[in-house]
Number of protein chains: 2
Amino acid sequence: MESMTTAHRRFKDSLYEQFARVGKAVAAPKRVELLDLLGQGSRTVEALAGLAAISVPNASQHLQVLRAARLVEARKRGLYVEYSLADDEVGHFVVTLRGLAAARLAEVEQITRAHFDGRGGPDAVAGDELIGRVRRGEVTVLDVQPAEEYRAGHFPRAVSIPIDELKARLKELPKDREVVAYRRGPYCVMAVEAVELLRQKGFTARRMELGVPNWRARGWRVATVRRGAGA
Amino acid sequence: MESMTTAHRRFKDSLYEQFARVGKAVAAPKRVELLDLLGQGSRTVEALAGLAAISVPNASQHLQVLRAARLVEARKRGLYVEYSLADDEVGHFVVTLRGLAAARLAEVEQITRAHFDGRGGPDAVAGDELIGRVRRGEVTVLDVQPAEEYRAGHFPRAVSIPIDELKARLKELPKDREVVAYRRGPYCVMAVEAVELLRQKGFTARRMELGVPNWRARGWRVATVRRGAGA
DNA sequence: TGAATATTCAACCGTACGCTTGAATAATGG
DNA sequence: CCATTATTCAAGCGTACGGTTGAATATTCA
């Protein structure tokens with residue numbers, strides 16, 4: 001019943017060895033962080049080292065590991081070396097990875113909750129107080145979930161820009177209004193990143209406390225029409 | 001500009017440490033293979049060890065690593081321990097992982113090509129000879145790509161069953177006819193697995209030589225209608 | 001109770017990994 | 001040409017990992 005020739009075994013072994021190459025690439029926390037940062041755009045080694053809070057040589061060799069796995073590409077620009085994701089698919093993979101971790105590892109929620117509980121919630125804004133300000137046009141609500149999830153239901157008047165497209169579509173957001181980002185679930189990992197990115201780019205940004213399912217639980221209206229945001 | 005408090009650093013570090021937990025889980029080739037096998041259904045430790053060609057204790061501790069990362073679950077059934085994927089999302093993640101490796105690592109294609117070139121192609125069937133036999137109803141053509149890719153274009157009269165649903169939907173395939181599976185691209189990793197699974201289950205199965213893009217290049221008709229296969 | 005069996009535990013070995021440190025290698029600018 | 005700067009190379013250190021081997025732990029069945 002089993003056609004388990006040794007040739008077939010060798011074939012499988014070398015195949016899975018390749019698959020594990022990309023697994024190894026995301027086996028180190030700092031490398032995942034680097035991929036995440038690169039998902040927001042190309043950066044130099046020094047910049048990445050600073051953002052990830054590691055030494056420059058350390059960042060360099062992490063990047064070389066990622067390059068060996070073909071997940072990032074290096075391009076020499078003058079005195080600097082600019083690293084970038086090798087492919088959009090890499091970004092999607094990292095998103096999938098984070099999503100799986102968030103879905104399966106209770107620790108992720110626990111850690112995020114502890115962090116924001118400790119700091120009270122200086123950048124968290126309750127949906128209740130928000131809904132009125134949105135009506136008055138004082139604030140832009142940003143949905144950073146994947147487009148499908150947005151379509152399944154979102155905050156009234158929210159603009160949909162998935163987290164991995166945010167960098168490229170920043171110009172769609174008005175700079176003069178505060179931006180409130182949200183993501184599904186009580187621990188909004190993506191929203192945190194979105195807020196950080198927005199602040200880096202000069203926006204006034206906060207994150208929303210609760211996600212879509214919670215609104216439903218509260219009986220809020222959940223729109224299904226797509227609005228704002230072009231391209 | 002950077003609100004890089006040490007608290008925030010610690011938060012990020014512990015968060016990415018969690019993400020890397022699932023990275024570490026797929027950093028070993030044999031663990032990826034085990035996940036792949038479990039994607040086809042629950043199995044005992046001994047069965048997995050046999051299929052992956054490793055010792056039972058080795059399989060056991062690999063499975064414990066996967067269990068620590070919450071990717072698999074163990075359920076005691078009598079004298080055996082039955083392992084299974086903890087969630088469908090895990091299966092999707094593995095598919096994404098394989099897909100990324102296949103897309104980015106030329107070695108994957110090279111290895112697969114070398115394997116099937118060496119063995120001639122005993123289980124490979126050319127699309128040319130196939131198209132007539134399909135018309136005559138002598139053979140079932142199986143599209144194991146994700147449903148979206150199927151919708152984007154597929155072999156005439158092909159039945160769509162994504163590889164990760166194949167196990168559950170086997171009964172949709174007629175057992176009396178030969179099954180020819182295919183996947184996009186010249187190296188059909190998924191197709192190979194599908195063929196193996198089908199043969200295990202008593203089907204007569206082969207894989208198709210070329211994928212959708214190649215048909216287009218050859219000017220074949222590529223249908224867009226969904227046919228066959230229910231739920 | 002006791003034999004049989006599936007799985008896990010525990011100790012061990014060689015290697016690879018992540019990180020640091022200090023020197024070497026490009027590329028730019030005076 | 002030399003100083004400067006960004007990056008990489010190279011060596012070293014402690015730890016963790018993948019795998020083997022043999023014993024210990026359940027659970028079933030007689």
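In what follows, chains are A, B, ... by sequence order, proteins preceding strands, each numbered from 1.
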J.: With a 4.0 Å cut-off on heavy atoms, is A:Arg77 in touch with a base, just the backbone sugar-phosphate, or nothing at all?
T.: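 Contact class for A:Arg77: none.
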J.: Assess the side chains of B:Ser60 and B:Gln64: does a donor N or O sit below 3.5 Å from an acceptor N or O?
T.: yes
J.: Please figure out whether A:Ala28 or B:Asn58 has its closest DNA chain C nucleotide nearer the 5' end.
T.: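 Whichever sits nearer the 5' end wins; that is B:Asn58.
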J.: For the pair made of CZ in B:Arg75 and C1' in C:dT7, what is the distance, rounded to whole Å?
T.: 17 Å
J.: Decide yes or no on salt bridge (Lys or Arg N to Asp or Glu O under 4.0 Å) for A:Lys24 and A:Glu17, but give the supporting numbers first.
T.: CA-CA 10 Å; A:Lys24 282 187 217 288; A:Glu17 190 183 325; over 6 Å; no
J.: Please tell me which of the listed nucleotides, C:dG22, D:dT7, C:dC19, lies nearest to the side chain of A:Lys30?
T.: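 Per side-chain heavy atoms of A:Lys30, the pick is C:dC19.
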J.: Take atom CD of B:Glu46 and atom C1' of D:dA26, then tell me their distance rounded to the nearest Å.
T.: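 In whole Å, D:dA26 C1' and B:Glu46 CD are 16 Å from each other.
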J.: Working to the nearest 0.5 Å, report the span between NZ of A:Lys201 and CG of A:Leu170.
T.: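 Taking NZ in A:Lys201 and CG in A:Leu170, the distance rounds to 6.5 Å.
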J.: Check the distance between C:dT8's P and B:Arg67's CZ and give it to me in whole angstrom.
T.: 7 Å
J.: Nearest to the side chain of A:Leu79, which nucleotide is it out of C:dA27, C:dT7, D:dT20?
T.: C:dA27
J.: Using the side-chain heavy atoms of A:Lys76, tell me which of these nucleotides is nearest: C:dA27, D:dA6, D:dT8.
T.: C:dA27
J.: Roughly, in whole Å, what's the span from CD in B:Gln64 to P in C:dA10?
T.: 10 Å
J.: Round to a whole Å and report the spacing from CD1 of A:Ile54 to P of D:dT8.
T.: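 From A:Ile54 CD1 to D:dT8 P: 12 Å.
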J.: Do A:Lys30 and B:Asp13 come close enough that some side-chain heavy atom pair is under 4.5 Å?
T.: yes
J.: Is there a side-chain contact between B:Ser60 and the phosphate of C:dT7, meaning an N or O under 4.0 Å from OP1 or OP2?
T.: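 B:Ser60 to C:dT7 OP1/OP2: no side-chain N or O under 4.0 Å.
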J.: Counting only distance, no hydrogens or angles, is the base of C:dG18 paired donor-acceptor with the side chain of A:Gln61 under 3.5 Å?
T.: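 Checked by distance alone, the answer is no.
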J.: Report yes if the side chains of A:Leu142 and A:Leu166 come closer than 4.5 Å at any heavy-atom pair, otherwise no.
T.: yes
J.: Let me know the distance between CG of A:Leu63 and P of C:dC17, rounded to the nearest Å.
T.: 16 Å
J.: Within the pair A:His62 and C:dC19, is there a side-chain N or O less than 4.0 Å away from OP1 or OP2?
T.: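 Answer yes for this pair, as a side-chain N or O of A:His62 is under 4.0 Å from OP1 or OP2.
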J.: What is the distance, to the nearest angstrom, from the CG atom on A:Leu48 to the C1' atom on D:dT7?
T.: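 Distance, rounded to whole Å: 12 Å.
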J.: How many whole angstroms separate atom CZ of A:Arg21 from atom C1' of C:dC17?
T.: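 Rounded to whole Å, this separation is 17 Å.
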J.: Check whether any side-chain N or O of A:Arg31 sits under 4.0 Å from OP1 or OP2 of C:dC17, and answer yes or no.
T.: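 For C:dC17, OP1/OP2 do not have a side-chain N/O of A:Arg31 under 4.0 Å.
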J.: OP1 or OP2 of D:dA6 sitting under 4.0 Å from any side-chain N/O of A:Tyr83?
T.: no
